[in-house]
Amino acid sequence: MMRRMSKPLRAQLCLNSQNVFNKKKHTFELSKEDLDSYRRSMELRCLIEGFASRVAANRVRNDADKSRLLDAYSHMAAAIKHPDSNVFHRADESIHREILLLSNIPGVLPAWEAVYSSIDWFRKLTVFEFWPDIEMLLEAHRYLVDAICQGKPDIAQEAAERHTMPVWKRINALLKSESKIYMENDLDRILAYIDFHIDENITIDTLITEVVELSAGHIRRLFREQLHTTFTKYLRTSRMKHAAKLLLETNLPVYRIRKMVACSDASEFSLHFRKQYGTTPSQYRRAADNKKL
C-alpha cells in the first residue's frame, strides 16, 4: 500500500515526439487520489487483457490464426527505433488490440477500449520514465506474445496481468524516497529483468549477458549497498512474493505455481516459502480462503 503524501507526487517525465531515446525531461503532478484512480483502471485493464490472453492462447491451441499478433509484435520491435515516439505508442496499443481480437470474446473489445482510452494519457507519460529500458518493455511483450502463440494459457494470463508491475514498483519507490528515478539506473534494469523472468533460472552471469555490462562484483555491490541484501536473497524473496500472489489470486495448483517461479524442488520451495511467510503454500492459501468466508 502506498504511503500518503502531504504534497502531490512529483516525478521526472520523459516526453519528446521527436526521439524515443533522446528525450527532454518535464515534470508532472498527480495527487495520491489521482494515482489510485489510475492504478485501479490499469488493474482493470490487466484483468481484461489477462482473461483475453488466456482465451487467445487456448484458441491458438485449437489452430486459431496468430499471424496478425506476430505481425503486431514485429511492428513494435521496429517502432522502438523510430524517431517518432507516437509510432511506438501505436504499435504498443496494436499488440494488445490484436490479443483482444484473437480471443474473439463477444463484447470484450469495447470494454477494453473504454478502459484503455481512460488511461492513455497516464500510460504514455509513464512508459519512458518508469521503464528502466524501453527494450525491456519490448521483452515483456515478447514473453506475452510467445506464451499466447505457444498455446500456454496459464502463462499468458499471468504475463498479461503482471504487465504493468514494473511501473508501479518504480512509482512506489518514488513515493517512498521522493527522489527522481532515471532510466540510466543499472539496478532498475536488473530488477525489471527479474520481474519479467521470474519463472526462469536467473544468475548473475545471466544479468551480465542479457542486461548490464557490469562485473559480477559490481552487481553484488549494487544489491548490497542499494537494497541492503544479496542478489540471491532478493531473487528468492521476489519468487516467494510472486508465488504468494498467485496462491491468493488464482486457482492454480501449488506445483504449477512452484514451476512458475522457477523452483524445481517441491521441498525447497516449501522451505523457502515457510521461512518467508511462516506457513506452507497450501496452508497460506487455505488461511486466505477462510478469511473470505
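Computed from a prediction, not measured in an experiment: that's the story for all the values here.
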Would you name the heavy atoms of Ala262 and Glu200 that are closest together and state the gap between them?
CB-O, 3.5 Å
Is there a path of hydrophobic side-chain contacts, each under 4.5 Å between heavy atoms, that joins Val261 and Leu247?
yes
Within 6.0 angstrom of Arg68 CZ, more than 12 heavy atoms from elsewhere
no
Is the shortest heavy-atom distance from the side chain of Tyr255 to the side chain of Phe269 under 4.5 Å?
no
Between Tyr73 and Arg142, what is the shortest heavy-atom contact and its length?
OH-CB, 3.2 Å
Of Leu187, Leu235, Thr230, the residue whose pairing with Phe223 passes side chain to side chain contact (heavy atoms under 4.5 Å, CB included):
Leu187
Quick check: closest heavy atoms across Val60 and Cys149, and the distance to 0.1 Å?
CG1-O, 3.5 Å
Donor-acceptor pair, distance only, cut-off 3.5 Å: does the side chain of Arg239 make one with the backbone of Ile198?
yes
Output yes when a side-chain donor or acceptor of Ser103 lies under 3.5 Å from a complementary backbone atom of Leu100, and no otherwise.
yes
What's the spacing between Ser53 OG and Gln157 CD if we round to 0.5 Å?
8.0 Å
Are the side chains of Leu102 and Arg59 in touch, meaning some heavy atoms are under 4.5 Å apart?
yes
Quick one: do Leu222 and Ile208 end up in the same hydrophobic cluster if we chain Ile, Leu, Val, Met, Phe, Trp and Tyr together by side-chain heavy atoms under 4.5 Å apart?
yes
Check Ile202 against Ile194 and note the closest heavy-atom contact, atom names and distance.
CD1-CA, 4.0 Å
Can a donor-acceptor pair be found, under 3.5 Å and without considering hydrogens, that links the side chain of Ser270 to the backbone of Ala266?
no
Heavy-atom side-chain contact between His89 and Arg123 under 4.5 Å:
yes
Any donor-acceptor N/O pair, Arg274 side chain to Thr280 backbone, under 3.5 Å:
no
Hey, is the main chain of Ser264 close enough, under 3.5 Å, to the side chain of Arg258 for a donor-acceptor pair?
yes
Using side-chain heavy atoms (C-beta onward) and a distance below 4.5 Å, is Lys241 in contact with Gln276?
yes
NZ of Lys275 to OG1 of Thr237: how many Å apart, nearest 0.5 Å?
11.0 Å
Evaluate the side-chain proximity of Ile48 to Arg45: yes if any heavy-atom separation is below 4.5 Å, no if none is.
no
Might you point out which heavy atoms bring Leu144 and Ala156 nearest each other, and give the distance in Å?
CD1-O, 3.4 Å
Starting from Trp112, can I reach Met76 by hopping between I/L/V/M/F/W/Y residues whose side chains sit under 4.5 Å apart?
no
So does Asp289 pair up with Arg286, basic N to acidic O under 4.0 Å?
no
For residues Leu214 and Tyr234: do they belong to one hydrophobic cluster (side chain heavy atoms under 4.5 Å, members Ile, Leu, Val, Met, Phe, Trp, Tyr)?
yes
Write down the atom of Phe88, the atom of Ala79, and the distance for their closest heavy-atom approach.
CA-CB, 3.7 Å
Is there side-chain contact between Ile204 and Arg220, with heavy atoms separated by less than 4.5 Å?
yes
When rounded to the nearest 0.5 Å, the distance separating CD1 of Ile95 from OG of Ser74 is 8.5 Å
Is a side-chain donor or acceptor of Ser94 paired with a backbone partner of Arg90 at a separation under 3.5 angstrom?
no
How many angstroms lie between atom NE2 of His218 and atom CG of Asp186, to the nearest 0.5 angstrom?
6.5 Å
Path from Tyr116 to Leu44 over hydrophobic side-chain contacts below 4.5 Å:
yes
Quick check: are there more than 12 heavy atoms from other residues, nucleotides or ligands sitting under 6.0 Å from CD of Glu225?
yes
Can you tell me if Thr206 uses its side chain to pair, donor with acceptor, with the backbone of Thr203 under 3.5 Å?
yes
Is there a side chain to side chain contact (heavy atoms under 4.5 Å, CB included) between Met42 and Phe122? Walk through the geometry before answering.
CA-CA 10 Å; Met42 288 183 76; Phe122 183 74; 3.5 Å; yes
With a 4.5 Å limit on heavy-atom distance, are the side chains of Leu252 and Asp154 in contact?
yes
Given the rule in the side chain to side chain contact (heavy atoms under 4.5 Å, CB included) test, do Leu248 and Tyr284 qualify, once you have shown the distances and angles that lead to the verdict?
CA-CA 8 Å; Leu248 294 180; Tyr284 183 84; 3.7 Å; yes
Between Glu158 and Arg54, does any side-chain N to carboxylate O distance fall below 4.0 Å?
no
Residue pair Tyr143 / Asp199, side-chain donor-acceptor N/O under 3.5 Å:
yes
Spatial distance of atom CG (Leu191) from atom CG (Leu227) [nearest 0.5 Å]
6.0 Å
Show, in sequence, the C-alpha distance, side-chain angles and deciding distance for Ile257 and Arg285, and conclude whether the side chain to side chain contact (heavy atoms under 4.5 Å, CB included) test is met.
CA-CA 12 Å; Ile257 291 175; Arg285 171 178 273 170; 3.5 Å; yes
Tyr277 OH: over 12 foreign heavy atoms closer than 6.0 Å
yes
When rounded to the nearest 0.5 angstrom, what distance separates CG in Leu109 from CG in Leu101?
5.5 Å
Heavy atoms, side chains only, cut-off 4.5 Å: are Glu49 and His96 in contact?
yes
Scan His141, Arg97, His75 and name whichever one has a side chain to side chain donor-acceptor pair (under 3.5 Å) with Asp92.
His141
